[in-house]
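Comments concern the structure below.
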Protein chains: 2
Amino acid sequence: MASIKDVASRAGVSVATVSRVLNDHPAVRPDTRTRVLEAVAELGYRPNAVARSLRTDQTRTLGLVISDVLNPFFTELARSVEDEARALGYSVIIGNADERPEQQDHHIRTLLDRRIDGLLVSPTDGGSPLILDAVRSGTPMVFVDRWIPGIGNDVPVVRTDGCDAVRDLVAHLHGLDHRRLAIIAGPAATTTGRERVRAFREALAAFGLPLPDEYIGQGDFQADSGRRAMARFLDLPVPPDAVFAADNLMALGAMDEIRARGLRVPDDIALAAFDDIPWFLHTDPPITAIAQPTGELGRAAVRSLIDRVEGRPAPSVTVSARLVVRRSCGASEGSPR
Amino acid sequence: MASIKDVASRAGVSVATVSRVLNDHPAVRPDTRTRVLEAVAELGYRPNAVARSLRTDQTRTLGLVISDVLNPFFTELARSVEDEARALGYSVIIGNADERPEQQDHHIRTLLDRRIDGLLVSPTDGGSPLILDAVRSGTPMVFVDRWIPGIGNDVPVVRTDGCDAVRDLVAHLHGLDHRRLAIIAGPAATTTGRERVRAFREALAAFGLPLPDEYIGQGDFQADSGRRAMARFLDLPVPPDAVFAADNLMALGAMDEIRARGLRVPDDIALAAFDDIPWFLHTDPPITAIAQPTGELGRAAVRSLIDRVEGRPAPSVTVSARLVVRRSCGASEGSPR
DNA sequence: CCTCCTCGTGGAATCGATTACAAAGAGGAT
DNA sequence: ATCCTCTTTGTAATCGATTCCACGAGGAGG
């Protein structure tokens, strides 16, 4: 592949001049500029980003480590992140942790080795030593969706606050005469895992409803765990009459289990989920869900990170989720307010 | 961040020696090696991959340009590609073309600028000049899923052959007394867009069934186009009694339209799709689909590409799809053969 | 004791860019 | 003609690694 030297000799100038033309440095005579650009075109020259990065100490690349690519929420997030980054002149390298801390660490390590300019992380755990290292190493970092408490001062957090939406959901369920409400929680090591339970518990309290321990199923954000949690609920002497799954995959698993037992949603049991995804429109029945503004989340995270990368102060951002009512809790379609 | 020089001076050796230790060069005295490794550990040193790439002219990175991240088929493909690549010591940079040729070109260009070692492409079009350039530039390349005819000699193709499965599907539909079969096709610019129509047409012919032009809907692999195509079918004086969508998103759109008109699957019209995805189990009704061995496809593509990258001959690979019968065509669940 | 090898190590070139600094040339002021 | 300034260009250092080559020490063989 042609290098800057080839261009220089073809245009009859030095490499410095070629570099200046390429970087729009003003001190180049117009006719020199044209000669260089001609040489560039003739050779089909493209600057070597590796060499450039080495010299300038910036890669114009961001890293994004997400918890699970197969979860539509995260792929939509990844998509919006990439879109916004591209618009701002950055590329994105995506690492999929698959909800496994060691795989997350692997990705963080290789991204750091590649000297990405900034790192967007949705941590799968409570904070591995490597993440703390990464923060200290000085690479700009922003948490998105999930975060790790305790390093909030150094690392902005871009997330969704679902409290109001969870309250709306509980109100919706209550209004449909559901009184025995249960939740399938995410891993306690993640903030989203804990917070959604907390919000749910508080909302229940506001309606004077209890949340007994056996109505808290422990899941791991994967479909199978939702299925198992639902099985345990249904095996209880007094099963819940409504179940809230803390993410879309667990809701899917829960629905499997319900169907496998010949029960029906919402007649036999109501079901709702955190995270709205296009497929929820097409399930049987369509699923009531709490929708995060995923695109907005991703774009805000990128802007925040790039602010940091370029030396500006980076804001933490919190956006709000909203309830999308469908038929899985017994109501007819239509959204509140 | 610490560089190799810092390690060298801390260990009291030259940078050459440090480099030898890091690369497992045998000609290093054991005690020197330990001293160096200690210095590495104390400084938390990690080699700069950018500098290394510049010198060695290899990045140990592969590029993957897919047509649409929001399509579960492609995210599963991306996942398996990344898994296999990681196992073989490579990273993957994913570019999402969003079915737009210019965005595809953007990604190919930046990947090439980054001097990735090899490129995996599922082209959105019939071959932009840039792709041809990329091939000529000598960067190892492999097509996955879709390909571009005419440059097959230089570029291996790893794909699924769905002919048998399509024939099984047609037999299945025929067995359920469907006689007016229609297809929602993908873009004619893509190989998968054309091939699935061809396979369908041939299978129909084998059963003595016609495929009139008005039974060929033109889609673009996105949900909306599926919806429009289905609308046109349903507006025909004699609508089809079974529709085969050439990908999962168009099937989804088609189902929307059917539902919006108050019709039911499979009672009023049968529906089947190319590409099986987990969600098809949960739609109403579960959708009969042709399943590609997506993981296998991705892994084979990576192995083929890496063969090429490392100078071995790279095979083209064709795997077979199979029919997964569910309820959307009228049969009860269970798979043929 | 001298020569020749082998082993371990360091010096320096190199990859392809950017950029500080120097220098050459043009043009204007005196 | 001389000096100064400004514009345009080239030379060379630099980023952080890898790797060729040379060199010194030590052992083997004569």
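A, B, ... follow the sequence lines: proteins, then strands. Residue 1 opens every chain.
If you check D:dA17, C:dG16, C:dG11 against the side chain of B:Pro47, the one that comes closest is D:dA17. When distances run from any side-chain atom of A:Tyr45 to the nucleotides C:dC15, C:dA17, D:dA17, the shortest one goes to C:dA17. If you check C:dG11, C:dT18, C:dG16 against the side chain of A:Asn23, the one that comes closest is C:dT18.
Under the 3.5 Å distance criterion, with hydrogens and angles disregarded, no donor-acceptor pair is assigned to the side chains of A:Thr110 and B:Arg86. In this structure, a donor-acceptor pair under 3.5 Å is present between the side chains of A:Ser91 and B:Arg114.
The CG atom of B:Asp98 sits 9.5 Å away from atom CD1 of B:Ile66, with the distance rounded to the nearest 0.5 Å. Rounded to the nearest 0.5 Å, atoms CG (B:Asp117) and OG1 (B:Thr59) are 3.5 Å apart. Atoms CD and CG, from B:Glu102 and B:Asp125 in turn, are 10.0 Å apart once rounded to the nearest 0.5 Å.
Residue order along DNA chain C, read from the 5' end via each residue's closest nucleotide, puts A:Lys5 first among A:Thr56 and A:Lys5. Take the nearest nucleotide of DNA chain C for B:Val15 and for B:Ala51: the residue whose nucleotide is more 5' is B:Val15.
Near DNA chain C, meaning a heavy atom under 4.0 Å from it, residues 24-31 of chain A has no residue at all.
Residue A:Val50 is out of contact with every strand shown, counting any heavy-atom pair closer than 4.0 Å. As judged by a 4.0 angstrom heavy-atom cut-off over every strand, A:Val13 is placed among residues touching the sugar-phosphate backbone only. Counting non-hydrogen atoms under 4.0 angstrom, A:Asp57 reaches nothing in the nucleic acid. Using a 4.0 Å heavy-atom cutoff across all strands shown, A:Thr32 reaches sugar-phosphate atoms only and no base atom. B:Thr17 comes within 4.0 angstrom of the backbone, heavy atoms only, and of no base.
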Reading nucleotides 20-28 of chain D from 5' to 3' and marking B where a protein heavy atom lies under 4.0 Å of the base, S where only the sugar-phosphate is that close, and - otherwise, the string is B--------
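Taking 4.0 angstrom as the limit, B:Arg55 places none of its side-chain polar atoms (N or O) nearer than this to OP1 or OP2 of D:dG16. Using a 4.0 Å cut-off, no side-chain N or O of B:Asn48 falls inside it from OP1 or OP2 of D:dC15.
The existence of a salt bridge linking A:Asp83 and A:Arg79 is confirmed by a sub-4.0 Å separation between a basic side-chain nitrogen and an acidic carboxylate oxygen.
Look at CG on B:Leu22: it is 15 Å from P on D:dG16, rounded to the nearest Å.
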Taking it one step at a time, do B:Glu99 and B:Arg146 satisfy salt bridge (charged side-chain N to carboxylate O under 4.0 Å, His left out)?
-> CA-CA 12 Å; B:Glu99 301 286 2; B:Arg146 311 177 184 174; 2.9 Å; yes
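Just one residue in the list B:Glu84, B:Glu296, B:Glu310 forms a salt bridge (charged side-chain N to carboxylate O under 4.0 Å, His left out) with B:Arg303, and that residue is B:Glu84.
Environment of CG in B:Asn23: crowded, with over 12 heavy atoms of neighbouring residues, nucleotides or ligands closer than 6.0 Å.
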